[in-house]
Structures are given as C-alpha cells and as structure tokens.
Amino acid sequence: MSDSGTYPAKSLTRYAAAVLAVAVAFACTVLTLPLSERSQLFLFLAAVVLSAWYGGSGPGLVATGLAAAAQLAFVEPPYGDDVVRTLLFL
C-alpha cells in the first residue's frame, strides 16, 4: 500500500507550522515593542530556525519571507537603519 495520500498533508502541516511560528513571533514582537528602543529580530530568527528545523528548507524560506515582510510592513521603525537590519536578517 502506498502512503501517497498523507504526504501532502504532512507538507501542508510543515508550512502551517512555519506560518504559525512567524505569527507568534510577530505577536510577541508587537507586544514588547513599547518596552524596547527598536524592534527586535531575534524572535523572528527563532521562528525561522524552528521552521527550517521542523519543516526543511521550503518552510524555512517561507518563514524568512514572512518575517521580513512583517518586520518591514507592520513594525514602525523610529530609525532608518531598520531596513538595513532586515536586509542583514535575510
């Protein structure tokens, strides 16, 4: 018997876990933003590392893209070098 029916579900679970990890990192970053001078990328980095470890390179790349997009789009930087920091993160 073939297990080909469960493979797409496993793959989808890995990508969903990557999106969830970035969402949790984003929520924690937004909640702690008033406590720090600038947004911190280490939570996004942890989400990317966990996504790549759990799901492989595909979910890791999805998590990287989502984290960078969230950082640039939703976190208002008071400093101009946050774009440079995000590029270094990538």
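All residue numbers refer to positions in the sequence shown, counting from 1.
Think of Leu43 as one node in a network of Ile, Leu, Val, Met, Phe, Trp and Tyr side chains linked at under 4.5 Å; its network also takes in Phe42. Taking a 4.5 Å side-chain heavy-atom cut-off between Ile, Leu, Val, Met, Phe, Trp and Tyr, the cluster of Trp53 extends to Tyr54.
Pairing each heavy atom of Ala47 with each of Ser51, the nearest pair is O-OG, 2.7 Å. Annotation for Gly60 and Val48: closest pair O-CG1, 4.0 Å, computed over non-hydrogen atoms.
In the hydrophobic clustering of ILVMFWY residues, with side-chain heavy atoms under 4.5 Å counting as a link, Leu45 and Val24 come out apart. Note: the hydrophobic cluster containing Tyr15 also contains Val22 (ILVMFWY, side chain heavy atoms under 4.5 Å, direct or indirect links).
Annotation: the span from Arg85 atom CZ to Leu90 atom CG amounts to 12.5 Å, rounded to 0.5 Å. In this structure, OG1 in Thr86 is found 8.0 Å from CZ in Phe89, a value given to the nearest 0.5 Å. In this structure, CG in Leu20 is found 11.0 Å from CG in Leu50, a value given to the nearest 0.5 Å.
At a threshold of 4.5 Å between non-hydrogen side-chain atoms, the residues Phe26 and Val30 count as touching.
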